Every structure is written in structure tokens, then in C-alpha cells.
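The structure displayed is predicted, hence computed values, not measured ones.
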Amino acid sequence: MILDPEAERLASDIAKKTGQPVADVLKAALTAHALATGVLPSSTTGSEGRFNAMLAIAKRAAQRPVFDGRSPDEIIGCNALGLPG
């Protein structure tokens, strides 16, 4: 339970937008802040930590809605041969 109504609203909004549980949203935000401020030990910021951070970003990106379902070729206007037109 979060005692600050604004923090609770933000966490809830992010959770709804991303489809993640509020606890995961809060953990990701706190982890990012802890890494940025040097609170977490350096062992978590090594190559494994960076890999996990990139994996988390990729998972969040994959959960975002698709705004334009066309293929890249359709968006830029290429024909079946990959040529403009």
C-alpha cells in the first residue's frame, strides 16, 4: 500500500498502460533509481545487470500497443519488389 495518493495514481496508471502488476512497476522504478544513484552494489551493474536491464526494456517495448499495423514496406510505399511506387 502506497500512502502518497499521487505516487499510487502514477504507479497504477503505468501498470494499466503496460499490463504489468503495480509491484513490478514499482520494483523496476526503484531498481532504476537505485542503479542511477549507486545504491545497488556494483556487481548488479556488470554485464549481467546490463543484459537484464536491456531485457526488461525489450519486454516493456513488446507490450506497447501497435498504432499502425502496416508492414514497413507498406508504410514507406514500396511494391512487392521492394521498389517505391
Provide the full list of salt bridge (Lys or Arg N to Asp or Glu O under 4.0 Å) pairs with a residue in residues 54-66, sequence neighbours left out, each pair given once.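 Matches after skipping sequence neighbours: none remain.
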Restricting to pairs with a member in residues 15-40, which pass salt bridge (Lys or Arg N to Asp or Glu O under 4.0 Å), not counting sequence neighbours?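 Applying salt bridge (Lys or Arg N to Asp or Glu O under 4.0 Å) to every pair that reaches into residues 15-40, excluding sequence neighbours, yields nothing.
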Please report the interatomic distance CG(Asp13) to CD(Glu8), rounded to the nearest 0.5 Å.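 That separation rounds to 10.5 Å.
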With sequence neighbours excluded, residues passing side chain to side chain donor-acceptor pair (under 3.5 Å) with Thr18: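 Side chain to side chain donor-acceptor pair (under 3.5 Å) check on Thr18 returns Gln20.
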Checking Asp68 now: which residues fulfil side chain to side chain donor-acceptor pair (under 3.5 Å) with it, not counting sequence neighbours?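 So Asp68 forms a side chain to side chain donor-acceptor pair (under 3.5 Å) with Arg70.
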Test question: given the 4.5 Å side-chain rule for I, L, V, M, F, W and Y, name all other residues clustered with Val25, or answer none.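 For the cluster that includes Val25, the remaining residues are Ile14.
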Linked hydrophobic residues, Leu81 as query - side chain contacts closer than 4.5 Å: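 Hydrophobic cluster check, Leu81: joined to Leu83.
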Mind checking salt bridge (Lys or Arg N to Asp or Glu O under 4.0 Å) for Glu6 and listing every partner two or more places apart, or none if nothing turns up?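 Glu6: salt bridge (Lys or Arg N to Asp or Glu O under 4.0 Å) contacts with Arg9.
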Quick check: closest heavy atoms across Ser12 and Val22, and the distance to 0.1 Å?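 Taking every non-hydrogen atom into account, CA-CG2, 4.3 Å.
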Write down the atom of Pro21, the atom of Ala15, and the distance for their closest heavy-atom approach.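 Distance-wise, the nearest heavy atoms are C-CB, 4.2 Å.
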Contacts of Ala28 that satisfy side-chain contact (heavy atoms from CB on, under 4.5 Å) - sequence neighbours left out: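 So Ala28 forms no side-chain contact (heavy atoms from CB on, under 4.5 Å) with any residue.
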Only counting residues at least two apart or in another chain, list the ones meeting side-chain contact (heavy atoms from CB on, under 4.5 Å) with Ala32.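 Residues passing side-chain contact (heavy atoms from CB on, under 4.5 Å) with Ala32: none at all.
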